[in-house]
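Single-structure report; data block below.
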There are 2 protein chains.
Amino acid sequence: MSSTDDRPTPSLEDYLEAIAVLKKRDGKATVTALSKSVGVKKPSVGWALRKLSDAGLVIHERYGDVELTPDGARLADEVCRRHKALFDFLTDILMVDSAVAEHDACAMEHALSRESIHRLEKFISLVMQCYPGRPDWAAVFNRYVDEGQDARVIEGVLDRES
Amino acid sequence: MSSTDDRPTPSLEDYLEAIAVLKKRDGKATVTALSKSVGVKKPSVGWALRKLSDAGLVIHERYGDVELTPDGARLADEVCRRHKALFDFLTDILMVDSAVAEHDACAMEHALSRESIHRLEKFISLVMQCYPGRPDWAAVFNRYVDEGQDARVIEGVLDRES
DNA sequence: CCCGTTTGTTAGAGACGTCTAACAAAGATA
DNA sequence: TATCTTTGTTAGACGTCTCTAACAAACGGG
């Protein structure tokens with residue numbers, strides 16, 4: 001029954017993700033950059049940083065840059081992974097327009113349980129590696145998911161079943 | 001760029017969906033039933049009904065049952081469709097546990113653009129009808145989406161490309 | 001027909017997340 | 001160093017959505 005775990009609110013996850021992205025892209029995350037990136041005014045960033053700070057997810061001293069704590073970094077990575085999986089699925093598999101996919105991924109990334117995200121990632125990589133599916137897709141995919149096998153093993157399975 | 005259109009808030013969409021489901025299941029939607037179904041207290045339902053009523057989506061006279069206006073019914077149907085597509089994808093294709101899928105679908109159903117939902121529905125029906133994919137899945141799927149062809153046509157495409 | 005139960009509503013409070021307006025600190029430029 | 005600009009913070013308001021407590025209408029059995 002533990003599907004969504006305990007996460008920061010969607011809003012706070014957005015800030016967390018933006019901090020991670022900015023740090024990777026620019027080397028640092030400032031209030032102004034966050035404000036632009038998240039699409040809110042600066043006082044809202046201040047509010048969020050206070051919240052994240054209280055939750056032990058960021059370090060932010062007055063007028064300083066924003067740093068992620070280890071917990072914050074871990075959570076930010078998770079959000080980014082969810083975002084990427086959804087975006088990849090939408091663009092690579094459903095072939096949705098990339099701006100729309102970005103938008104949808106942003107909105108959905110807060111709602112995916114660990115179980116679903118895991119299976120979605122597996123699904124994407126399976127489809128990517130192994131376009132030409134064959135009869136018992138369900139069995140193949142299930143095996144892939146359960147055992148985390150790579151493409152070669154799948155190929156064996158497919159051969160066996162085709 | 002019109003991807004998400006203008007929708008009621010996620011919260012109001014939940015109420016709208018619940019009304020539609022209850023009307024289908026029980027023949028009517030009462031405040032108490034909505035309260036249980038949505039998982040909020042009755043005054044919250046009252047608040048939502050006021051909002052939906054102001055938006056012209058439901059009719060609700062004091063102490064009476066809730067009725068959907070045509071606009072409300074249309075929107076409710078859209079939400080249900082998004083819910084179903086996500087749920088079907090999670091269960092039938094990703095094979096996520098159905099309780100988890102239900103939970104995730106509920107949470108994501110507010111975030112899918114028309115474009116994505118359309119392609120997702122097509123994808124599901126394609127996979128369902130035509131499990132054994134073949135080489136150029138992308139081309140096949142694109143054609144299917146663009147032209148809304150049924151399984152027989154797809155089979156032709158597949159034959160041509162295998 | 002009266003009374004208890006169920007159902008629905010009103011009033012008011014409170015968390016979340018945003019905004020504007022005004023101010024304070026830092027940094028650049030002369 | 002005095003000032004201008006950029007950046008960040010504070011204070012306070014607002015809209016959404018929820019809750020609890022208290023009350024009012026409707027309903028059903030005696």
Side-chain angles (χ1 to χ4, degrees), chain A residues 4 6-19 22-23 25-68 72 75-76 79 106-107 109-111, chain B residues 4 6-19 22-23 25-68 72 75-76 79 106-107 109-111:
Chain A
T4 321
D6 59 324
R7 296 177 179 164
T9 63
S11 170
L12 291 181
E13 278 192 350
D14 282 338
Y15 288 102
L16 225 36
E17 184 184 15
I19 293 166
L22 287 174
K23 281 193 71 78
R25 203 194 60 187
D26 303 343
K28 63 178 183 173
T30 67
V31 169
T32 300
L34 279 168
S35 163
K36 286 195 180 99
S37 169
V38 177
V40 298
K41 301 298 179 184
K42 287 187 283 186
S44 301
V45 175
W47 170 88
L49 292 179
R50 157 77 82 133
K51 282 285 185 180
L52 291 171
S53 195
D54 288 352
L57 301 175
V58 306
I59 311 252
H60 180 229
E61 36 207 31
R62 281 171 63 98
Y63 299 97
D65 291 349
V66 182
E67 301 295 338
L68 290 168
L75 279 178
V79 179
C106 276
E109 72 191 5
H110 308 291
Chain B
T4 321
D6 61 325
R7 296 177 179 164
T9 63
S11 171
L12 291 182
E13 278 192 350
D14 282 337
Y15 287 101
L16 225 36
E17 184 185 14
I19 293 165
L22 287 174
K23 281 191 74 76
R25 203 195 60 185
D26 303 344
K28 63 177 182 172
T30 67
V31 170
T32 299
L34 278 169
S35 164
K36 287 196 180 98
S37 168
V38 178
V40 298
K41 301 298 179 186
K42 286 187 283 187
S44 302
V45 175
W47 170 87
L49 292 179
R50 157 77 80 132
K51 282 288 183 177
L52 291 171
S53 195
D54 288 352
L57 302 174
V58 306
I59 312 253
H60 180 229
E61 37 206 29
R62 280 171 63 97
Y63 298 96
D65 291 348
V66 181
E67 300 296 335
L68 289 168
L75 279 178
V79 179
C106 277
E109 72 192 6
H110 309 291

So which heavy atom on [X] is nearest to which on [Y], and how close?
{"X": "B/Ser11", "Y": "B/Trp47", "value": "OG-CZ3, 4.4 Å"}
{"X": "B/Glu109", "Y": "B/Glu13", "value": "O-OE1, 4.4 Å"}
{"X": "A/Val38", "Y": "A/Asp14", "value": "CG2-O, 4.4 Å"}

Upstream residue (5' side of DNA chain C) when B/Thr30 and A/Lys51 are each assigned their closest nucleotide: B/Thr30

Among D/dT9, C/dG17, D/dT16, the one nearest B/Trp47 by side-chain distance: D/dT16

CA sep, side-chain torsions, deciding dist, call: B/Val40, B/Leu34, side-chain contact (heavy atoms from CB on, under 4.5 Å): CA-CA 8 Å; B/Val40 298; B/Leu34 278 169; over 6 Å; no

DNA chain D: 5'-proximal contact among B/Leu12 and A/Arg50 (nearest heavy atom): A/Arg50

Let me know the distance between [atom1] of [X] and [atom2] of [N], rounded to the nearest Å.
{"X": "A/Asp65", "N": "D/dT9", "atom1": "CG", "atom2": "P", "answer": "11 Å"}
{"X": "B/Leu34", "N": "D/dT18", "atom1": "CG", "atom2": "C1'", "answer": "16 Å"}
{"X": "B/Tyr63", "N": "D/dC23", "atom1": "OH", "atom2": "P", "answer": "14 Å"}
{"X": "A/Leu52", "N": "C/dG17", "atom1": "CG", "atom2": "P", "answer": "10 Å"}
{"X": "B/Asp54", "N": "D/dG15", "atom1": "CG", "atom2": "P", "answer": "14 Å"}
{"X": "A/Lys36", "N": "D/dT7", "atom1": "NZ", "atom2": "C1'", "answer": "10 Å"}

Verdict with supporting geometry, A/Arg50 and A/His60, side-chain contact (heavy atoms from CB on, under 4.5 Å): CA-CA 8 Å; A/Arg50 157 77 82 133; A/His60 180 229; over 6 Å; no

Angle by which the axis turns from one end of the helix from C/dC1-D/dG30 to C/dA30-D/dT1 to the other, five pairs per end, to 10 degrees: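 That helix has its two terminal axes inclined by roughly 0°.
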
Quick check on [N]: is either OP1 or OP2 less than 4.0 Å from any side-chain nitrogen or oxygen of [X]?
{"X": "A/Tyr15", "N": "C/dT18", "answer": "yes"}
{"X": "A/His60", "N": "D/dG8", "answer": "no"}
{"X": "A/Ser11", "N": "C/dT18", "answer": "yes"}
{"X": "B/Thr32", "N": "C/dG8", "answer": "yes"}
{"X": "B/Thr9", "N": "D/dC17", "answer": "yes"}
{"X": "B/Arg62", "N": "C/dT7", "answer": "no"}

Donor-acceptor contact present, side-chain B/Ser53 to main-chain B/Ile59, <3.5 Å: no

Exam field: side chain B/Thr30 to backbone B/Asp65, donor-acceptor pair closer than 3.5 Å: no

Please tabulate the protein-to-nucleotide N/O contacts below 3.5 Å involving nucleotides 19-22 of chain D, giving atom names and distances.
from   : atom 1 : to      : atom 2 : distance (Å)
D/dC19 : OP2    : B/Lys41 : N      : 2.8
D/dC19 : OP2    : B/Ser44 : OG     : 2.8

Worked check of side-chain contact (heavy atoms from CB on, under 4.5 Å) between A/Leu52 and A/Leu68: CA-CA 9 Å; A/Leu52 291 171; A/Leu68 290 168; over 6 Å; no

B/Asp54 CG to B/Leu12 CG distance, which is reported to the nearest 0.5 Å: 10.0 Å

Nearest-0.5 Å distance that lies between atom NZ in A/Lys41 and atom NZ in A/Lys36: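 A/Lys41 NZ to A/Lys36 NZ: 10.5 Å, rounded to 0.5 Å.
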
